[in-house]
2 protein chains.
Amino acid sequence: MSTADATILLVDDHSVVREGYRSVLEKQPGLRVVAEASDGAEAYRLYKSEAPDLVIMDLSMPGIGGIEAVRRIRQRDKGAKILIFTMHQNAGFAVQAIRAGARGYVTKTSPPETLVRAVMDVLAGRIAISPDIDHELALSRLAGESSAADVLTPREFEVLRLLLAERTTEEIAETLHVSPKTVANLHSLIKDKLGVGSDIELVRLALRQGLLTQVDLGEA
Amino acid sequence: MSTADATILLVDDHSVVREGYRSVLEKQPGLRVVAEASDGAEAYRLYKSEAPDLVIMDLSMPGIGGIEAVRRIRQRDKGAKILIFTMHQNAGFAVQAIRAGARGYVTKTSPPETLVRAVMDVLAGRIAISPDIDHELALSRLAGESSAADVLTPREFEVLRLLLAERTTEEIAETLHVSPKTVANLHSLIKDKLGVGSDIELVRLALRQGLLTQVDLGEA
DNA sequence: ACGAACGCCGGGAAAATTTCACGACGTTGC
DNA sequence: GCAACGTCGTGAAATTTTCCCGGCGTTCGT
């Protein structure tokens with residue numbers, strides 16, 4: 001393989017799924033998978049040490065999620081090329097990911113060609129969005145639809161995600177390395193921005209917008 | 001390849017993910033992937049036409065889900081061997097799947113060896129459960145698996161229902177003709193009885209137990 | 001280059017809520 | 001009849017939420 005091969009870092013918490021990416025990508029000449037990570041923190045570490053040309057990242061992962069990982073990597077390296085590859089066929093997530101600095105968003109239901117095409121596009125400096133998400137975005141645009149993703153800043157959105165996923169304010173503060181006070185302030189601000197008065201309404205809103213899927217309810 | 005190869009049908013709505021299964025499985029001698037489906041209905045059709053020795057199936061898919069597909073296949077063929085391979089690390093789902101007739105339940109976070117091992121076990125007629133799910137099941141068994149419905153008194157249950165449906169403590173107090181303070185007391189007691197620390201967890205618990213359905217969320 | 005605007009972080013203090021301890025009342029059941 | 005329990009409520013303490021504030025860094029328009 002040539003020294004001009006584009007190097008790739010895969011990030012997904014399912015090893016068999018990474019095997020799938022790898023299998024598809026390595027059939028393409030000019031691409032080389034050089035590292036794999038199973039969560040956001042590991043992704044950040046490997047990005048620093050490997051400096052890959054492209055990161056392909058899932059969104060839902062334990063600990064710091066994909067959005068936060070994108071934010072951190074881009075904060076360190078403004079030119080980083082990150083392609084989101086996820087099961088979430090949700091325009092709100094796509095908006096957040098792109099805002100955080102991702103250069104592409106492709107759903108896992110897409111055929112392998114779409115993924116390969118997107119990888120090439122992002123490597124060439126273009127933004128890549130899979131057709132189904134294009135459609136979602138078009139629909140939400142047409143509907144006027146002010147979603148959570150539109151009114152919240154990336155940080156707020158990340159905190160919202162963790163509020164829905166984790167347990168206590170303290171735990172969230174720790175994963176984000178900020179003070180519990182900050183999380184509490186953000187929590188309050190989020191409810192204000194979304195126009196809900198209670199946490200219960202907040203969860204209902206998140207459910208309606210597909211931010212929390214019924215199957216994503218975690219352990220018993 | 002020998003005619004004694006075990007034939008496999010893969011069912012998952014993510015093509016790149018199927019590529020992962022295939023890559024892992026075909027490294028094993030004696031296994032042969034003979035068909036792929038991307039939803040439950042297609043899985044059923046292909047099961048009938050291909051009569052594979054084993055089906056590896058995801059749970060969350062468009063249209064009829066994995067559980068329903070298992071049920072249909074088993075209804076047609078009581079000896080069908082179906083292994084669930086899913087992201088849902090949830091004991092409840094595992095119980096449902098096994099009850100429906102699946103012979104194994106492995107999470108996608110498991111290493112490839114675990115999947116291969118489970119495939120072999122199921123082909124040999126054994127039930128295969130991945131270690132993390134074993135653990136979940138053990139925990140829920142130990143916890144005595146208390147559902148909201150049986151630890152709460154009728155009044156508490158009613159208040160819970162209203163908490164999920166209405167907006168404020170005051171509104172609930174009015175519909176019940178009691179003081180807001182009483183509602184707050186009950187609210188607190190309910191969280192205590194159900195062992196949750198926050199309203200967010202409370203909603204998640206309610207969702208898991210089917211107390212709040214997605215359709216009940218009002219308008220978009 | 002500069003100021004304005006905004007996102008992000010968190011302290012302090014007031015306001016509101018949650019939690020706890022306690023008692024009253026009625027019903028059920030042994 | 002009396003013990004156990006569900007229901008309702010008060011008051012006070014503990015905790016959380018909310019609001020207001022300033023500091024810091026980045027982006028953006030002029």
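A note on names: the letters A, B, ... follow the listed sequences, proteins ahead of strands, and every chain is numbered from 1. These numbers were taken from a predicted model, which means no experiment stands behind them.
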Inset, instruction - Check every atom of D:dT18, C:dT18, C:dC9 against the side chain of A:Ala184 and return the nucleotide holding the closest atom. - result: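 Nucleotide nearest to A:Ala184's side chain: D:dT18.
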
Strictly below 4.0 Å: does [X] bring a side-chain N or O up to OP1 or OP2 of [N]?
X: A:Lys181; N: C:dG12; result: no
X: B:Thr182; N: D:dC8; result: no
X: B:Ser188; N: C:dC20; result: no

In whole angstrom, what separates [X]'s [atom1] from [N]'s [atom2]?
X: A:Ile190; N: D:dT17; atom1: CD1; atom2: C1'; result: 14 Å
X: A:Asn185; N: C:dG11; atom1: CG; atom2: P; result: 10 Å
X: A:Leu186; N: D:dC19; atom1: CG; atom2: C1'; result: 15 Å
X: B:His187; N: C:dT17; atom1: NE2; atom2: P; result: 12 Å
X: A:His177; N: C:dG10; atom1: NE2; atom2: P; result: 12 Å
X: A:Asp192; N: C:dA15; atom1: CG; atom2: P; result: 18 Å
X: A:Arg71; N: C:dC9; atom1: CZ; atom2: P; result: 6 Å
X: A:Glu170; N: D:dT17; atom1: CD; atom2: C1'; result: 14 Å

Would [X] and [Y] pass as an ion pair if we require N to O under 4.0 Å?
X: A:Arg155; Y: A:Glu68; answer: yes
X: A:Glu36; Y: A:Arg22; answer: yes
X: A:Asp39; Y: A:Arg45; answer: no

Inset, instruction - Using a 4.5 Å cut-off on heavy atoms from C-beta on, say whether the side chain of B:Ile56 contacts that of B:Val119. - result: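 They are in contact (side-chain heavy atoms under 4.5 Å apart), so the answer is yes.
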
